[in-house]
Peer 1: 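My questions all concern the structure below.
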Amino acid sequence: MTTLAQLLAPEGEAFIGGRWTAAVSGGTVASIDPATEDPIASVASCDATDVDAAVAAAWEAARDWGATPWTVRARALRELAGRLRDDAERLAQIDTLDGGNPIAGSRLDVEAAAGALEFAAGLGAQATGRTHPAGPAGLTFTERAPYGVVGRILAYNHPLMFAVQGTAMPLVTGNAVVLKPADPTALSALEVARLSEDLLPAGVLNVVPGAGAVAGAALAAHPRVPRLAFTGSVATGRRVLAAAAPQIKHVTLELGGKNPLVVLAGADPVTAARAAVAGMNLTRTNGQSCQSTSRVLAHESIRRDLQDALVAELEHLVVGPPAETGVDVGPLAFREHYDRVCGHVARAEDEGATLVTGGRRPTGLDRGFYLQPTLFADVDPAMAIAREEVFGPVLALLEWTDTDDMLAVANGTEYGLTANVVGGDLQEALRVARAVDAGMVWVNGPSPRPPGAPFGGVKASGIGREHGEEELLSYTQEKTVIVRL
Ligand code: NAD
């Protein structure tokens, strides 16, 4: 039988310059299994000194890595993809143990990570320059070069998938990376480092876990990190932007959402309810998803039937230990977040929303950060539950009559990450899709994002687009060369 020790990278360490090392301070952060609340392992608690060492190691490696043919870099990414697949079950178990995502969701994450590496490897050839008409006496062309070192700060909800997706494009374009995983779920990022130890030259990939804001803040402010990519909350994104300002770092931000799922008149209530529940990503991340469809805006003609259908769908889900087969929804990832989500539930009740189902700890699960899938109805757009990101298994149902009023509500938050439109005819659905503030809109319910489809937010939900060519190019700088012939 596999033991935990076999599952995990070296205890209490970070990965800097190709070596496993304790934090200089000697500090560690415990990883807690959110299903049992027991500590399972520890990682190094890096601070500014360790981040500085990682940045130095990354610069040391960046020169040769940047000069390596992109095809060779791409081959390393493909090899890493193969290693992830060969080790998929162990990696999925680590994520489920560390973060509480259902095991089926963690398995999908490993496959998505491997796919992201292969996609980036294939896209490497697109980091091209251009030529510009310059007449017979001139030649004007552009070239793309890597930044050198990229700082990558991650959210906790798809631990392995983000660690891999977040490094694939910077690596294939020839950058060295300093990766700061989220402290509640840092284990699998270190596993990625372990799997790439003999594949990537020392210093090309560095992993600096740490408690709270310390390591991330040090990376965001580091004067030798010219390019920063951040995934996390709007509040932290604002701090990262401010920290990056003195050096004018080039920053992309993937931030939060309070995503509307608009149900048009004439929609089938069961289909719409299934779309809303699928859009919550309950069975993948327990509702801790930036793209969760946490605001359901239902036309008045369907609201009552939709509410009943939503209750049926949510009550059908099995909440329990996430490693068990047959469990749909696991615990929230860590204590502080669990308390925060429970606080959102309490506030919604205080503000007068009707708790239709869920909102409590499931019976029989006395330990662990478990919350029943939750639905609030009679939600007013002014309530916090209609405006603030909960990042958990909590849906708010709002009713609308007039399309323009509905759009004003849909667009009435600071967010603009994703949206969904269900029902109606395609023309009407597309009108809503065009009018809604979002970087990505699903029509006719959520479906898998095709590889390469750009993802990112408008308004406070972020800056930049990831997963497609724009992300690839964003890790390069274009230089224009004007030649007089
Ligand atoms: P968070 O903002 O609390 O933390 C994100 C990361 O930032 C962590 O690694 C954290 O250690 C680090 N950090 C904390 N303080 C910092 C500082 N001052 N400077 C630099 N780094 C700092 O977010 P979270 O709780 O890990 O993740 C949930 C949030 O992430 C939600 O808002 C969710 O919507 C968002 N998210 C967005 C996307 C997307 O693609 N748009 C994807 C996943 C999650």
Side-chain angles (χ1 to χ4, degrees), residues 29 34 43 45-48 51 98-99 101 109 112 116 151-163 165-166 178-186 189 207-222 225 228-245 249 251-259 280-281 284-294 332-341 344 388-392 413-418 438-440 449 453-468 471:
V29 203
V43 297
S45 187
C46 294
D47 62 18
V51 169
D98 199 17
N101 286 345
D109 275 12
R152 197 65 171 94
I153 303 173
L154 298 177
Y156 70 82
N157 51 323
H158 288 282
L160 177 111
M161 189 179 94
F162 284 165
Q165 275 180 351
V178 179
L179 179 69
K180 157 65 182 73
D183 43 311
T185 57
V207 183
V208 286
V214 177
L219 191 55
H222 200 289
V225 176
L228 198 61
F230 174 81
T231 305
S233 61
V234 171
T236 313
R238 288 196 169 100
R239 285 184 208 112
V240 164
L241 259 190
K249 287 183 200 300
V251 180
T252 45
L253 300 171
E254 290 285 351
L255 306 178
K258 185 72 186 176
N259 310 301
M280 284 298 292
N281 286 314
R284 183 95 179 243
T285 58
N286 310 321
Q288 298 160 115
S289 169
C290 58
Q291 65 186 53
S292 282
T293 50
S294 55
L332 294 166
F334 54 106
R335 158 69 61 192
E336 189 192 346
H337 185 57
Y338 178 69
D339 291 344
R340 193 158 49 210
V341 173
H344 279 288
E388 294 177 11
E389 183 183 40
V390 174
F391 211 58
T413 73
E414 68 171 338
Y415 298 105
L417 192 59
T418 70
M440 180 172 276
R449 296 196 232 139
F455 184 80
V458 302
K459 292 161 55 179
S461 286
I463 298 175
R465 295 290 178 270
E466 293 192 342
H467 307 309
E471 183 186 352

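Along the sequence shown, the residues carry numbers beginning at 1. First listed ligand is number 1; within each ligand, the first listed atom is number 1.
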Peer 1: Counting N and O atoms only, with roles assigned by atom type, does the side chain of His158 sit under 3.5 Å from a partner on the main chain of Arg284, one being a donor and the other an acceptor?
Peer 2: no
Peer 1: Quick check: Leu154 and ligand 1, any N/O pair under 3.5 Å apart?
Peer 2: yes
Peer 1: Just to be sure I'm reading this right: ignoring hydrogens, which of Thr236, Thr418, Leu417 gets closest to atom 16 (C) of ligand 1? Compare them by their nearest heavy atoms.
Peer 2: Thr236
Peer 1: Under a 4.0 Å heavy-atom limit, does Gln288 contact ligand 1 with its side chain, its backbone, both, or neither?
Peer 2: neither
Peer 1: Show me which atoms of ligand 1 lie under 4.0 Å from any heavy atom of Lys180.
Peer 2: 8 (C), 9 (O), 10 (C), 11 (O)
Peer 1: Applying a heavy-atom cut-off of 4.0 Å, say which part of Thr231 lies close to ligand 1: side chain, backbone, both or neither.
Peer 2: both
Peer 1: Only heavy atoms of Ala213, strictly under 4.0 Å: list the atoms of ligand 1 that pass.
Peer 2: 14 (C), 15 (N), 16 (C), 18 (N)
Peer 1: Is there a donor-acceptor pair under 3.5 Å between the side chain of Thr413 and the backbone N or O of Tyr415?
Peer 2: yes
Peer 1: With side chain to side chain contact (heavy atoms under 4.5 Å, CB included) as the criterion, how do His344 and Phe391 come out once you've worked through the C-alpha distance, each side chain's angles and the decisive distance to 0.1 Å?
Peer 2: CA-CA 10 Å; His344 279 288; Phe391 211 58; over 6 Å; no
Peer 1: Is it the case that ligand 1 has an N or O less than 3.5 angstrom from some N or O of Gly212?
Peer 2: yes
Peer 1: Taking the minimum heavy-atom distance to atom 42 (C) of ligand 1, which of Cys290, Ala243, Ala333 ranks first?
Peer 2: Cys290
Peer 1: Between the main-chain N or O of Gly257 and the side-chain N or O of Glu389, is there a donor-acceptor pair closer than 3.5 Å?
Peer 2: yes
Peer 1: Counting only N and O atoms by type, is there a donor-acceptor contact under 3.5 Å from the side chain of Asn157 to the main-chain atoms of Gln288?
Peer 2: yes
Peer 1: Identify which of Ala217, Ser233, Gly232 has a heavy atom lying nearest to atom 19 (N) of ligand 1.
Peer 2: Ala217
Peer 1: Would the distance check show the side chain of Asn259 and the main-chain N or O of Cys290 forming a donor-acceptor pair, the cut-off being under 3.5 Å?
Peer 2: yes
Peer 1: Please check this pair: side chain of Ser461 against backbone of Gly256, looking for a donor-acceptor N/O pair closer than 3.5 Å.
Peer 2: yes
Peer 1: Looking at Met161, is its backbone amide N or carbonyl O close enough to the side chain of Asp109 to form a donor-acceptor pair, meaning the two atoms are under 3.5 Å apart?
Peer 2: no
Peer 1: Has ligand 1 got any nitrogen or oxygen that is less than 3.5 angstrom from a nitrogen or oxygen of Leu255?
Peer 2: yes
Peer 1: If the cut-off is 4.0 Å to any non-hydrogen atom of Asp183, which atoms of ligand 1 fall inside it?
Peer 2: 11 (O)
Peer 1: Between Arg465 (side chain) and Pro454 (backbone), is there a donor-acceptor pair under 3.5 Å?
Peer 2: no
Peer 1: What do you reckon, does Arg239 have a nitrogen or oxygen under 3.5 Å from a nitrogen or oxygen of ligand 1?
Peer 2: no
Peer 1: Judged by non-hydrogen atoms, does Ala215 sit under 4.0 Å from ligand 1?
Peer 2: no
